[in-house]
Structures are given as structure tokens and as C-alpha cells.
Engineer: 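Here you go, one structure.
Read the numbers this way: they start at 1 and go in the same order the structure lists the ligands and their atoms.
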Amino acid sequence: MALLEIVKNPAKVLETKATEVTTFDAKLAQLLDDMYETMVENDGVGIAAPQVNKSIQAAVVELGEERDVLELINPVIVEVSPETGVDIEGCLSFPDLYGDVERSLYVKVQAQDRDGELYELEAYDYDARVIQHEIDHLHGILFDKKMKKTYTLEEIEAMYAEEDEEQ
Ligand code: CO
């Protein structure tokens with residue numbers, strides 16, 4: 001495995017719709033392994049291939065308290081809830097930017113795994129948020145365009161410090 005360089009905004013690859021994956025080979029598996037390692041190293045919960053300068057429809061996310069790893073190849077959102085929620089997001093391609101983004105609280109996704117097998121997944125709340133953020137990346141859509149309010153890293157740290165005091 002190898003750590004990959006993360007493409008930072010602004011970059012054309014981040015704003016380009018990624019192409020469909022049609023070959024499910026060892027090279028794809030290697031890329032997914034490297035993306036996972038790069039995500040963990042950078043404390044992310046999701047990473048999309050364009051963020052490592054590969055314009056293909058592939059993303060890796062960590063879901064739930066167990067931080068289950070899920071690989072989304074050619075993912076399509078087939079259902080969303082009308083109910084939305086607003087929460088703070090960050091992005092590996094925007095090291096110092098955090099902000100409130102409105103997302104659906106539920107999504108149903110169809111995707112392929114690294115072997116090309118189709119599967120369907122339902123996700124709620126923060127998991128649904130992470131999936132929507134990563135699928136946006138595959139369409140060249142960045143979270144800064146969807147932000148309702150932005151925060152600096154200092155403001156985020158202060159918020160977490162307050163939460164810690166309350167507990
Ligand atoms: Co991102």
C-alpha cells in the first residue's frame with residue numbers, strides 16, 4: 001500500500017465529472033487500498049478518486065460506530081428522504097474549511113464493489129451525509145458551493161472543547 005497525494009482545491013480534476021469504472025482489476029483494488037490508507041492517515045471518513053487525481057467513479061467511506069469500510073464504485077443514489085438536516089462537514093481537499101451543509105437524512109444507493117458485484121445500501125444521518133458528500137465529488141460538485149455557514153478550524157476546535165467540558 002502507499003499513501004497518495006491529496007489534490008487540494010482549486011483543481012480542475014475536483015470539478016470534473018468522473019468517468020465510469022468498467023475494468024475491475026488488480027489496479028483498481030490497489031487504488032482502493034491506497035485511497036483507504038490515505039483517508040485514514042489524514043483522519044478522513046471518506047475519500048473520492050478525484051481527490052487523488054484519478055477521475056473515475058470510485059469512493060471509499062467509513063460508516064457507523066464500527067467504522068465499517070465501504071467501497072462505492074459507480075454509485076447512484078436511487079432514493080432520498082425529503083427530510084434534510086444541517087451539520088458541519090469538512091473535506092480533505094479543503095484543509096482549513098468547515099461548514100454547515102444541508103443533506104438528506106436518508107439515502108438508498110446502488111453501487112458496485114471492487115469485483116464489480118452490484119449491491120444496494122441504505123444509510124441514515126451522518127452515514128448518509130458522508131455518502132452524499134463523496135458521490136458529489138464523483139460529479140465534480142464540491143461542498144463549499146453548498147455551504148450555508150462556514151467555520152474556521154479555530155471555531156471548530158472551540159466548539160469541540162465546549163462539548164468536552166459539558167460532558
Ligand atoms: Co470531500
Engineer: Is the closest side-chain donor-acceptor distance between Glu20 and Gln57 under 3.5 Å?
Structural biologist: no

Engineer: So which atom in Ile6 and which in Ser93 form the shortest heavy-atom distance, rounded to 0.1 Å?
Structural biologist: CG2-OG, 4.1 Å

Engineer: Check for me: within less than 2.8 Å of the Co ion (ligand 1), which protein N/O/S atoms show up?
Structural biologist: Cys91 SG, His133 NE2, His137 NE2

Engineer: We want to know whether Tyr106 and Glu122 form a side-chain donor-acceptor pair, criterion being a heavy-atom distance below 3.5 angstrom.
Structural biologist: yes

Engineer: Testing the 3.5 Å rule here: is there a donor-acceptor pair between the side chains of Gln112 and Asn74?
Structural biologist: yes

Engineer: So, Gln132 versus Asp136: side-chain donor-acceptor pair below 3.5 Å or not?
Structural biologist: no

Engineer: Which residues pass the side chain to side chain donor-acceptor pair (under 3.5 Å) test with Asn53, not counting sequence neighbours?
Structural biologist: none

